[in-house]
Every structure is written in structure tokens, then in C-alpha cells.
Amino acid sequence: QVQVMESGGGSVQAGGSLRLTCAASPRTHATSCMGWFRQAPGKSRERVAMKHTFNGADTYADSVKGRFTILLDIPKNTVYLQMNGLKPEDTATYFCATTGSTGGRCPDAASDYLNWGQGTQVTVSS
């Protein structure tokens, strides 16, 4: 059973920065993909950034490229989402998720992720 623990989030003004933290244990194939989804009210869950914890590959949603960075601490099996240049449209509940990879790649769909954190709110005011 994988446990996922999130921290971080909060409220900032547009242009500000926040860092989210997600730790998952134990480190197994089920945590080979670790990253973040977000969901705004009335919208579907969107993949924001994902890290393959064994080969280091990462992917980003087009809407956050150049502003968000996902970082990996292997010994701690922890990923961080550094969010810079935040915009009001980034306001959402952010969820950490993990799952096993297939062919060295991480899935796109939220339905393919097996383990989830409780979610943390990020609010960006204009």
C-alpha cells in the first residue's frame, strides 16, 4: 500500500511563487511515476507535471511550461513542484498522484493513477 503525503499550497498574488511537496512510500514500481494534477471548480482534473522517478523524464502541461518545475529527491522519494509566475488561472486544488510506468513512460489520464494525496489548495489573486 503506497502512502502519499502532500504539503505546501496557500494564497499568493499573481506573479508570486509557491512550492508543493509530495512524499510517497515505499519506493516501488507503483511510485515510478509521481507528479501533480489539479482541479478547478467545475473543471476536469488536469495533469500539471509528472516525473518518472527511475529514468528522470518529466512532462508538463502546456499551460505551465516555463513557469513550473518538478524536482525529485530520490533518497526521500519526494517530488517538489516549484511554481513561479503564478497566474489566477492556476487557482485549483492540486493533487499528488503516483502509479507504475509502462514502457518507461507515465500515463496521461488521471484514471490511470492508483495512489492519491488528499489535495492542497492553491489560490492566486489578481
Side-chain angles (χ1 to χ4, degrees):
Q1 180 99 15
V2 173
Q3 292 191 335
V4 180
M5 297 291 292
E6 300 167 348
S7 60
S11 298
V12 295
Q13 291 190 325
S17 298
L18 286 172
R19 173 176 280 208
L20 307 181
T21 300
C22 174
S25 63
R27 186 169 189 259
T28 68
H29 177 259
T31 62
S32 54
C33 296
M34 290 181 62
W36 299 90
F37 287 78
R38 67 185 180 188
Q39 189 166 19
K43 295 189 177 181
S44 59
R45 196 164 290 193
E46 170 193 25
R47 192 177 77 165
V48 176
M50 193 59 57
K51 172 74 79 175
H52 194 292
T53 62
F54 288 89
N55 65 29
D58 49 35
T59 55
Y60 297 92
D62 288 341
S63 58
V64 306
K65 283 180 181 177
R67 300 188 297 121
F68 291 12
T69 303
I70 187 167
L71 306 166
L72 172 64
D73 184 329
I74 294 176
K76 295 181 179 180
N77 207 38
T78 295
V79 291
Y80 306 91
L81 186 65
Q82 179 64 44
M83 304 184 292
N84 298 328
L86 282 161
K87 303 176 180 180
E89 51 264 42
D90 294 318
T91 296
T93 302
Y94 284 68
F95 297 91
C96 182
T98 85
T99 197
S101 68
T102 302
R105 297 188 62 183
C106 294
D108 295 332
S111 58
D112 291 325
Y113 286 77
L114 302 178
N115 310 294
W116 291 84
Q118 74 281 6
T120 187
Q121 180 66 35
V122 171
T123 302
V124 185
S125 57
S126 57

Report the relative orientation of the aromatic rings in Phe37 and Tyr113; use parallel for angles under 30°, tilted for 30 to 60°, perpendicular for over 60°.
perpendicular
Write out all pairs satisfying disulfide (SG to SG under 2.5 Å) with one or both partners inside residues 1-78, taking only residues at least two apart or from two chains.
Cys22-Cys96, Cys33-Cys106
Do Leu20 and Trp116 share a hydrophobic cluster, counting only Ile, Leu, Val, Met, Phe, Trp and Tyr and linking them when any side-chain heavy atoms are less than 4.5 Å apart?
no
Near Gln13 CD, under 6.0 Å, is it more than 12 heavy atoms from other residues, nucleotides or ligands?
no
Going hydrophobic residue to hydrophobic residue with side-chain gaps under 4.5 angstrom, can you get from Ile74 over to Val79?
yes
Around atom CD of Gln121, are there more than 12 heavy atoms of other residues, nucleotides or ligands at under 6.0 Å?
yes
Between Thr78 and Asp73, do the side chains contain a donor N or O and an acceptor N or O under 3.5 Å apart?
no
So does Asp62 pair up with Lys65, basic N to acidic O under 4.0 Å?
yes
Test item: side-chain donor near acceptor, Asp112 and Thr99, under 3.5 Å
no
Side chains of Arg47 and Thr59: do they bring a donor and an acceptor to under 3.5 Å?
yes
Shared hydrophobic cluster for Val64 and Leu86 (ILVMFWY, side-chain gaps under 4.5 Å):
yes
For Glu89, give me all partners under salt bridge (Lys or Arg N to Asp or Glu O under 4.0 Å), at least two apart in sequence or on another chain.
none
Single-linkage hydrophobic cluster, 4.5 Å side-chain cutoff, Val48 and Tyr60 together:
yes
Among all residues two or more places apart in sequence or in another chain, which pass the ring-ring contact (aromatic ring centres under 6.0 Å, His included) test with Tyr94?
none
Hey, does the Lys NZ or Arg CZ of Arg45 hover above the aromatic six-ring of Phe95, less than 6.0 Å from the centre and inside 45° of the axis?
yes
Say whether, by atom type as modelled, one donor and one acceptor occur between the side chain of Thr91 and the main chain of Val124 under 3.5 angstrom.
yes
Compare every heavy atom of Val2 with every heavy atom of Ala24, then report the nearest pair and how far apart it is.
CB-CG1, 4.3 Å
